[in-house]
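Letters go in sequence order (proteins before strands), and every chain restarts at 1.
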Amino acid sequence: DAKTTQPNSMESNEEEPVHLPCNHSTISGTDYIHWYRQLPSQGPEYVIHGLTSNVNNRMASLAIAEDRKSSTLILHRATLRDAAVYYCILRSGAGGTSYGKLTFGQGTILTVHP
Amino acid sequence: GAGVSQSPSNKVTEKGKDVELRCDPISGHTALYWYRQSLGQGLEFLIYFQGNSAPDKSGLPSDRFSAERTGGSVSTLTIQRTQQEDSAVYLCASRITGTTYNEQFFGPGTRLTVL
């Protein structure tokens with residue numbers, strides 16, 4: 001699986017935007033970029049995913065670099081409930097017996113200050 | 001609707017005993033995954049089910065670990081002769097297949113403590 005690199009931790013103030021970066025320089029053409037987050041004492045939850053174009057949903061926006069070697073998860077207005085570990089994951093879209101398997105890295109611990 | 005459920009939520013066992021962990025996926029989700037998260041570690045893939053078959057068991061750490069799925073629904077992860085290093089949170093996830101939308105839905109996990 002192609003590898004992602006994320007900062008270990010980031011901090012933000014409540015109601016301010018947060019930009020969480022992810023580098024994935026070895027991404028292949030069929031890899032989707034997925035973001036999941038894990039709130040304390042919970043299982044991970046899906047945030048957003050994309051392939052080439054920027055994506056928006058009710059939770060966040062995903063900005064993908066033109067060369068696809070990096071991406072940024074954008075939380076437009078951080079709340080205290082957004083404090084979590086954020087995982088950037090590359091998932092192969094090439095099919096096969098492991099289709100859909102997620103390989104988690106260490107993620108970014110986001111702290112949101114009141 | 002109901003999400004992925006797991007039972008028990010917590011399990012404390014003695015070294016050498018066998019344990020069974022249960023996962024009830026979202027109805028209609030044909031893909032099911034087991035992961036585990038050890039203290040201070042990231043999530044580690046264990047096994048993947050498509051229906052009742054397991055085409056990818058590559059993450060099972062030893063032959064003490066096994067899993068089955070019946071009726072394309074409930075899955076059980078069994079750990080035999082538990083060791084202290086098996087202590088972790090075991091997470092189950094399920095997913096619809098046959099579409100391009102591939103979000104995995106995770107359960108709350110089972111926290112296993114081996115004394």
Side-chain angles (χ1 to χ4, degrees), chain A residues 1-9 22 29-53 55-60 62 73 84-110, chain B residues 2-7 9-10 21 23-26 29-51 53-60 67 88-112:
Chain A
D1 292 328
K3 182 178 169 58
T4 63
T5 304
Q6 300 177 252
N8 290 332
S9 63
C22 181
T30 57
D31 286 341
Y32 286 81
I33 302 160
H34 282 240
W35 284 82
Y36 280 74
R37 71 179 185 181
Q38 187 173 23
L39 280 66
S41 301
Q42 295 187 26
E45 66 173 345
Y46 167 86
V47 178
I48 200 167
H49 78 283
L51 184 61
T52 57
S53 302
V55 184
N56 300 296
N57 67 19
R58 63 175 180 82
M59 289 182 70
L62 177 60
L73 178 70
V85 180
Y86 286 78
Y87 296 99
C88 171
I89 301 163
L90 300 183
R91 184 189 62 75
S92 174
T97 58
S98 297
Y99 187 56
K101 177 177 77 173
L102 299 175
T103 302
F104 289 82
Q106 294 301 311
T108 296
I109 300 170
L110 175 65
Chain B
V4 177
S5 60
Q6 295 186 245
S7 60
S9 55
N10 281 284
L21 311 180
C23 172
D24 285 84
I26 294 172
H29 283 198
T30 55
L32 185 147
Y33 306 80
W34 283 97
Y35 298 84
R36 75 173 176 181
Q37 186 168 31
S38 304
L39 187 62
Q41 301 294 314
L43 285 97
E44 172 189 18
F45 165 80
L46 297 179
I47 188 169
Y48 157 59
F49 285 92
Q50 178 58 41
S53 64
D56 189 351
K57 305 178 183 179
S58 62
L60 294 178
V89 176
Y90 289 81
L91 292 152
C92 175
S94 70
R95 178 176 70 88
I96 292 176
T97 56
T99 72
T100 58
Y101 187 60
N102 287 297
E103 173 183 353
Q104 287 190 26
F105 294 83
F106 283 80
T110 293
R111 181 175 297 277
L112 175 66

A:Pro44 vs B:Gln104 side-chain heavy atoms within contact, under 4.5 Å: no
To the nearest 0.5 Å, what is the distance between CZ on B:Phe106 and CD on A:Gln38? 8.5 Å
Shortest non-hydrogen separation from A:Lys101 to B:Ser58 and the atoms involved: NZ-OG, 4.1 Å
Rounded to the nearest 0.5 Å, how far apart are OH of A:Tyr36 and CD of B:Glu103? 6.0 Å
Do other residues, nucleotides or ligands put more than 12 heavy atoms under 6.0 Å from the CD1 atom of A:Ile109? no
In terms of heavy-atom proximity below 4.5 Å to chain A, should B:Glu44 be classed as side chain, backbone, both, or neither? neither
What is the distance from atom OH of B:Tyr33 to atom CG of A:Leu102, rounded to the nearest 0.5 Å? 7.0 Å
Contact class of B:Leu43 relative to chain A, heavy atoms under 4.5 angstrom: both
Aromatic ring proximity, centroids under 6.0 angstrom, A:Phe104 and B:Phe45: no
